[in-house]
There are 2 protein chains.
Amino acid sequence: MVLDLNHQAFREPKYYQVKRHLLHLIDTLAPGSLVPTERILTVELATSRTTVRQALSELVGEGRLVRRQGSGTYVAEPKIAWPLHMTSFTEQSAAAGYSASTQLLDAVRERASDDIAARLAIKPAAAVYCIERLRLVDGTPMAVETSYLSAVRFPGLIGHVRKTSSLYRVLADVYDTAPVNAEETIETAAASPREAELLNTDTGSPMLVLGRHSFDAGGEPVEWVHSWYRGDRYVFVAKLSSGR
Amino acid sequence: MVLDLNHQAFREPKYYQVKRHLLHLIDTLAPGSLVPTERILTVELATSRTTVRQALSELVGEGRLVRRQGSGTYVAEPKIAWPLHMTSFTEQSAAAGYSASTQLLDAVRERASDDIAARLAIKPAAAVYCIERLRLVDGTPMAVETSYLSAVRFPGLIGHVRKTSSLYRVLADVYDTAPVNAEETIETAAASPREAELLNTDTGSPMLVLGRHSFDAGGEPVEWVHSWYRGDRYVFVAKLSSGR
DNA sequence: GTATCAGAGTTGTCTAGTCCATTTGCATCG
DNA sequence: CGATGCAAATGGACTAGACAACTCTGATAC
């Protein structure tokens, strides 16, 4: 019962022909190699610069090419695999053999939006801490992470977080709380100018957004976090087994 | 130790101002509402149609808007949550309360590429079955799934798959094999014209690509699958616990 | 030798416009 | 009343070009 869906040729946009041409080219080159300039491709492929740039933009978004303004366009390095585990960022990086660090970008006390309040099981407009951090591996920025926690449940959290880089360590040592279960969501989005700046990429480039809603042993919500990763640099990896 | 990264205003592209304007507008409207046409926005925001379209394209890619040629641009429905489990597509859909179906697009015997051979632990250029299927929930296409299995280990597989829609059922009943462990990868990509056509979306729109490398109880690789989901329509959901 | 500067070449952003494909609604015809 | 056909409006694809921002290199000055 094989469907004969579109046995006819697809209507293929011109920019996609350019993209396929470039994909073949990329396969023959090593990472770091220079590919022809936009204007050369415009002439070679008899098209406009806009069309060439659309093909290049998709390849950049897929992590196949890297563009450097003023310099040229290069074949990209392979993506980095990032495992999804119920451990802290710090432990996880060490396990994977990376030297990880964290920069605190912002830590403020604010009123919860309806969405945040519902997730943390607190009253709407109750006080929450919003902690924004930049995760780095081997010195290069990896993700922008924004955590929300109840200010009533964790009084003085910001002061502790400023001194200790690991949030999970603070939760364990100071508040005797450990997240043991979590529901994670994974979706795509486009980078805002702020995230693009922090992660050293372009506004609008595709991102992987990891949401984590974690709970303690009593089933109480502990934190709500979203982390923005560069979609052109990272692949998430999860291990599953049917034995549960 | 709060970093004062870019306390200065970001250089915000003009198209991003348009995008923010539209985001505010979307928040005030219900799903299905019509937003102003591209040409009206061009005048209202004193910009070019190219710039308006770039903002619209990102919002479409993020699942916030839907464009219908000849008709207009509309506020999109919320994304659909899709759980990641070690169960078959058929079971999984039933558990989530959806009526699922599958269309066999193509099923061929071919020689394994080096990559496929390595994943299936067979010799390079050995025979493999390549099975391409379209997954549908409630009648609308959800994902394009391509599976690779060793032709030597599962002789006659294609014939069985043509008769029975569930691959896992065939593996269990005919070959007495069950995948019990899997390593899943999740990354972003842009839709090719073929996938776009099958999933009723646009070439180049952002996709979530789920790779599954599954193993039987003896640790032997059973299949290598990649599934392409529309990034503007789906969110993957995974439950994690530290008790392992 | 070293530092500085100018210019050429690159990508980044944006504009204004053309032509095409599709949808929609209205007028017309039977 | 229904069906048909046409025209307007919409988004889709592409072109040609301007100017800005940035990088690199080579010539020049010290």
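Just so it is clear, the values below take in all heavy atoms, side chains as well, and ignore hydrogens, waters and symmetry mates. Below, read A as the first sequence line, B as the second, and so on, with proteins coming before strands; counting in each chain starts at 1.
- A:Glu77 pairs by the side chain to side chain contact (heavy atoms under 4.5 Å, CB included) definition with A:Pro31, A:Arg233, not counting sequence neighbours.
- For B:Phe236, the ring-ring contact (aromatic ring centres under 6.0 Å, His included) partners two or more places apart in sequence, or in a different chain, are B:Tyr229.
- Sorted by first and then second residue, the salt bridge (charged side-chain N to carboxylate O under 4.0 Å, His left out) pairs involving residues 138-148 of chain B (not counting sequence neighbours) are B:Arg133-B:Glu145, B:Arg135-B:Glu145.
- Side-chain polar atoms of B:Glu195 and B:Ser192 form a donor-acceptor pair below 3.5 angstrom.
- Here the P atom of nucleotide D:dG11 and the CG atom of B:Leu22 are 12 Å apart, to the nearest Å.
- The distance from atom CG of B:Leu41 to atom C1' of D:dA9 is 15 Å, rounded to the nearest whole Å.
- Per the geometry, CG belonging to B:Leu56 stands 9 Å off P belonging to D:dG12, to the nearest Å.
- Partners of B:Lys79 by salt bridge (charged side-chain N to carboxylate O under 4.0 Å, His left out), not counting sequence neighbours, listed by chain and number: A:Glu187.
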Which side-chain N or O atoms in residues 111-119 of chain A pair as donor and acceptor under 3.5 Å with protein atoms at least two apart or in another chain?
residue, atom, partner, partner atom, Å
A:Arg111, NH1, A:Ala125, O, 2.6
A:Ser113, OG, A:Ile116, N, 3.3

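- For the pair A:Leu34 CG and C:dG9 C1', the computed distance is 12 Å after rounding to whole Å.
- Scanning residues 70-78 of chain B for heavy-atom distances under 4.0 Å to DNA chain D yields B:Gly70, B:Ser71, B:Gly72, B:Thr73.
- Protein atom CD of B:Glu38 is 14 Å distant from nucleotide atom C1' of C:dT22, rounded to whole Å.
- Sorted by first then second residue, the salt bridge (charged side-chain N to carboxylate O under 4.0 Å, His left out) pairs that include residues 22-41 of chain B, not counting sequence neighbours, are B:Asp27-B:Arg64, B:Glu38-B:Arg49, B:Glu38-B:Arg53, B:Glu38-B:Arg67.
- When rounded to the nearest whole Å, the span between CZ of A:Arg68 and P of C:dG12 equals 12 Å.
- Whole-Å rounding puts the A:Asn200 CG to C:dG12 P distance at 13 Å.
- Residue B:Arg67 places at least one side-chain N or O closer than 4.0 Å to OP1 or OP2 of D:dG12.
- Checked by atom type and distance alone, the side chain of B:Ser205 pairs as donor or acceptor with a backbone atom of B:Asp202 at under 3.5 Å.
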Each nucleotide of nucleotides 14-20 of chain C classed B (base within 4.0 Å of a protein heavy atom), S (only sugar-phosphate) or -, in 5' to 3' order, makes SBB-B--

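- Not counting sequence neighbours, A:Arg68 has no partner by the salt bridge (charged side-chain N to carboxylate O under 4.0 Å, His left out) test.
- As rounded to whole Å, 13 Å separates atom P of C:dT22 from atom CG of B:Asp202.
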